[in-house]
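The structure under discussion appears below in the form of structure tokens.
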Amino acid sequence: MKNKVKTAVLVSGGGTNLQALIDAEKSGVLDHGKIVAVISNKPGAYALTRAENAGIKTYTVNKKECKDQSEFEEKIEKILEENKIGLIILAGFMSILSENFTKNHDKRIINVHPSLIPSFCGAGFYGLKVHEAALAKGVKVTGATVHFVNEIPDGGEIIMQKAVKVHEGDTPEKLQKRVMKQAEWKILPQSAELICKKILNGEV
Ligand code: GAR
């Protein structure tokens with residue numbers, strides 16, 4: 001069997017980006033990586049159902065049940081070790097990871113963000129809030145970014161970006177859907193493939 005990087009996808013919500021990764025693995029767009037675990041910080045997140053339907057192992061690490069950030073991250077670390085994870089993909093994961101965690105996984109965590117970084121990013125910019133801010137500013141073009149995760153929220157090296165047009169009369173919901181469809185669901189699987197390939201080739 002081909003050598004593949006075992007990946008864990010961290011989620012918090014609906015999991016459409018997780019679905020794009022699952023579909024990419026089936027279609028062969030994601031060929032050098034294998035999704036072996038899905039971890040949610042939110043019990044009952046629909047992303048977990050998507051993973052179960054695809055036969056992928058699921059885990060819930062509820063931050064509210066942990067005494068602090070380090071206990072939360074230790075639990076995640078344990079799952080990553082058990083599954084020999086080589087790449088962590090944040091796909092709508094709405095919890096900020098500490099510097100301790102990100103340093104431990106340098107160039108081994110990627111994240112998808114629904115804007116063209118450095119616009120509308122950093123602490124407080126997540127989900128619909130990003131699109132609300134883009135519309136409030138009146139930008140005519142927005143998009144999505146996949147980047148490595150470091151200690152600065154949305155501050156790591158950019159891997160891929162894709163621009164998406166804002167339409168007149170857009171609502172945050174309409175814009176979110178267009179950004180997902182035209183950008184996120186494409187560049188997240190493509191970036192995962194690129195980075196898995198680079199890991200296997202010792203290039204990153
Ligand atoms: C996506 O738009 C993702 O880019 C965003 O949340 C949504 C999750 O949707 N992530 C962030 O804002 C992180 N800063 P999904 O659960 O359907 O993939």
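Note that ligands are numbered from 1 as they come in the structure, with each ligand's atoms numbered from 1 the same way. Computation of the quantities below employed the complete heavy-atom set of this structure, encompassing side-chain atoms and omitting hydrogens, waters and symmetry-equivalent molecules. The residues of the chain are indexed from 1 along the displayed sequence.
Scanning all protein heavy atoms for the shortest distance to atom 6 (O) of ligand 1 gives Met94 CE, 3.1 Å. Shortest contact from atom 12 (O) of ligand 1 to any protein heavy atom: Gly127 N, 2.8 Å. Scanning the protein for heavy atoms near atom 8 (C) of ligand 1, the closest one is Gly92 CA, 3.6 Å. In this structure, the protein non-hydrogen atom closest to atom 14 (N) of ligand 1 is His113 ND1, 3.4 Å. Looking at atom 16 (O) of ligand 1, its nearest protein heavy atom turns out to be Gly15 N, 2.8 Å.
Ligand 1 places these atoms under 4.0 Å from at least one heavy atom of Phe125: 14 (N). Taking a cut-off of under 4.0 Å to the non-hydrogen atoms of Tyr126, the atoms of ligand 1 that pass are 12 (O), 14 (N). Listed by atom number, the atoms of ligand 1 under 4.0 Å from Glu184 heavy atoms are 1 (C), 2 (O), 3 (C), 4 (O). Numbered from 1 in the order shown, with element, the atoms of ligand 1 that lie under 4.0 Å from a heavy atom of Met180 read 1 (C), 2 (O), 9 (O), 17 (O).
Between the side chains of Tyr59 and Asn41, not a single donor N or O lies within less than 3.5 Å of an accepting N or O. Counting only N and O atoms by type, the side chains of Ser98 and Gln69 include no donor and acceptor under 3.5 Å apart. Under the 3.5 Å distance criterion, with hydrogens and angles disregarded, a donor-acceptor pair is assigned to the side chains of Glu77 and His105. Counted by atom type alone, Asn83 and Lys57 present one or more donor-acceptor pairs between their side chains at under 3.5 Å. Checked by atom type, the side-chain pair His147/Glu157 shows no donor-acceptor distance below 3.5 Å. Side-chain N/O atoms of Gln182 and Lys165 include no donor and acceptor closer than 3.5 Å.
For a threshold of 3.5 Å applied to N or O pairs, the pair formed by Gln176 and ligand 1 contains no separation below that value. Taking distance alone, with nitrogen or oxygen atoms compared against 3.5 Å, Asn17 approaches ligand 1 more closely than that limit.
Listed for the Glu193 side chain is a donor-acceptor partner under 3.5 Å among the backbone atoms of Asp31.
For NZ of Lys78, the number of neighbouring non-hydrogen atoms (other residues, nucleotides, ligands) closer than 6.0 Å is 12 at most.
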